[in-house]
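First comes the structure, then the notes that go with it.
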Amino acid sequence: NACEGLGDFKQALEYHKKHLSIAKEAGDRDGEGGAYGNLGNACEGLGDFKQALEYHKKHLSIAKEVGDRAREKRAYSGLGDACEGLGDFKQALEYYKKHLSIAREVGDRAGEGCAYRRLGNASVVLGDLKQAFEYYKKHLSIAKEVGDRDGEGRTYCGLGNAYSRLGDLKQALEYHKKHLSIAKEVGDRAGGGLAYTALGNVYLNVRNFRKATEYLTHSLSIAKESGNRNSEKDCYSVLGEIRHDLGDLKGSFYYYLQGLKTAEETGTKDGVLCCRLGTFYKRRGDLKTSKEYYKQHLDIAKESGDKYG
């Protein structure tokens, strides 16, 4: 878990596998379940959401078997995160609601707050911004109450994304800067990478390509260093968009292909990348290929329930 906090998910994966082996050998079902949960978290950090989903399902099964409600709550949270990574936000929402229900039942205020934040994130993508703001407000209150600075920062990230959806880029920028500041304060490399990516996206939207490239390059470096393939994919996607807007079609195509390759390697679907490739081919005059990518984008958006897609 210390390795995950430092963003070293590859090393974390190895330690959790050793833990799983020892737990199985000792017949420790509770420890085995915990190891599966940790393996799921590490896989998410590496962008391998399909494998993460399998680990979290095993964790949930053992938690129910041994009657451990706290671990069951944690498993639902992990399942929701994995579903988000796979683009299934409707299912993620259901898992997060189960997480919230158990957190309230066992009196876990910190867990309750985390559930609200995750529910807010899923609600943003599903287009229910009013509900998202309510969830974020509840989480911020709890995060400050329990002294969860890392969680507070990540809610600022969610709020930044929500304001971006509303087109209020000035407010989005402020929240993402708050997130970055807290991520640096608490030593959260993964959170810092998220903040750099989000800031890069906002600067792209206000046409500040120099700033956008600067932030995205930082984020890409962190993603490669930690082995976070999903974040790496997102960086390639936005860097491709920047090169495209600057008229550098060769450069944009390179980044888009790198992003698509990373998505395929991790078994994830990326509607945004498909949309950007559709625009690329349209600009080149290849309307047939452009239409194919736009259709893929539409299918992914419908499948995930992304109203803004």
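When a residue number appears, it is its place in the shown sequence, counting from 1.
With a 4.5 Å cut-off on side-chain heavy atoms, Tyr95 and Ser77 do not count as touching. A 4.5 Å side-chain heavy-atom check between Lys178 and Glu174 finds every atom pair outside the cut-off. Contact check for Lys137 versus Phe133: no side-chain heavy atoms found under the 4.5 Å cut-off. A 4.5 Å side-chain heavy-atom check between Ser164 and Val202 finds at least one atom pair inside the cut-off. Residues Arg207 and Asp245 have side chains in contact (heavy-atom distance under 4.5 Å, counting atoms from C-beta outward). Between Tyr135 and Gln131 the shortest side-chain heavy-atom distance falls below 4.5 Å. Asp48 has its side chain out of reach of Arg229: every pair of non-hydrogen atoms, C-beta onward, lies at least 4.5 Å apart.
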Salt bridge (Lys or Arg N to Asp or Glu O under 4.0 Å) assessment of Glu214 paired with Arg210: CA-CA 6 Å; Glu214 178 186 328; Arg210 184 184 63 79; 3.7 Å; yes

Evaluation steps, side chain to side chain donor-acceptor pair (under 3.5 Å), between Glu241 and Tyr256: CA-CA 8 Å; Glu241 182 72 358; Tyr256 289 152; 2.9 Å; yes

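The heavy-atom pair separating Lys233 from Gly259 by the smallest distance is CG-O, 3.6 Å. Of all non-hydrogen atoms in Leu260 and Leu273, the two that sit nearest each other are N-CD1, 3.5 Å. Taking each heavy atom of Cys83 and Gln91 in turn, the nearest pair found is SG-CG, 3.7 Å. When all heavy atoms of His139 and Cys114 are compared, the pair lying nearest together is CD2-N, 3.7 Å. In this structure, Gln296 and Cys274 approach most closely via the heavy-atom pair OE1-SG, 3.6 Å. Here the closest non-hydrogen pair linking Glu44 and Ala52 is CG-CB, 3.7 Å.
The only member of Lys138, Glu112, Glu105, Arg118 that meets side chain to side chain contact (heavy atoms under 4.5 Å, CB included) when paired with Leu100 is Glu112.
Tyr215 and Leu169 fall within the same hydrophobic cluster, defined by Ile, Leu, Val, Met, Phe, Trp and Tyr side-chain heavy atoms under 4.5 Å apart, directly or through other members. Side-chain heavy atoms closer than 4.5 Å link hydrophobic residues (I, L, V, M, F, W, Y) into clusters, and following such links, possibly through other members, connects Val124 to Tyr163. Cluster membership for Leu199 and Leu194, using ILVMFWY side-chain heavy atoms within less than 4.5 angstrom, is not shared. In the hydrophobic cluster analysis, where Ile, Leu, Val, Met, Phe, Trp and Tyr join through side-chain heavy atoms closer than 4.5 angstrom, Leu126 is grouped together with Tyr116. Taking hydrophobic clusters as Ile, Leu, Val, Met, Phe, Trp and Tyr residues chained together by side-chain heavy-atom distances below 4.5 Å, Leu246 shares a cluster with Tyr236.
In this structure, Phe89 has its ring center no closer than 6.0 Å to that of Tyr96.
Aromatic ring orientation, Tyr281 versus Phe253: perpendicular (interplanar angle above 60°, classes split at 30° and 60°). Using a 30° and 60° split on the angle between ring planes, Tyr175 and Tyr156 fall in the parallel class, below 30°.
Side-chain atoms of Ser221 do not come within 3.5 Å of backbone N or O of Thr217 as any donor-acceptor pair.
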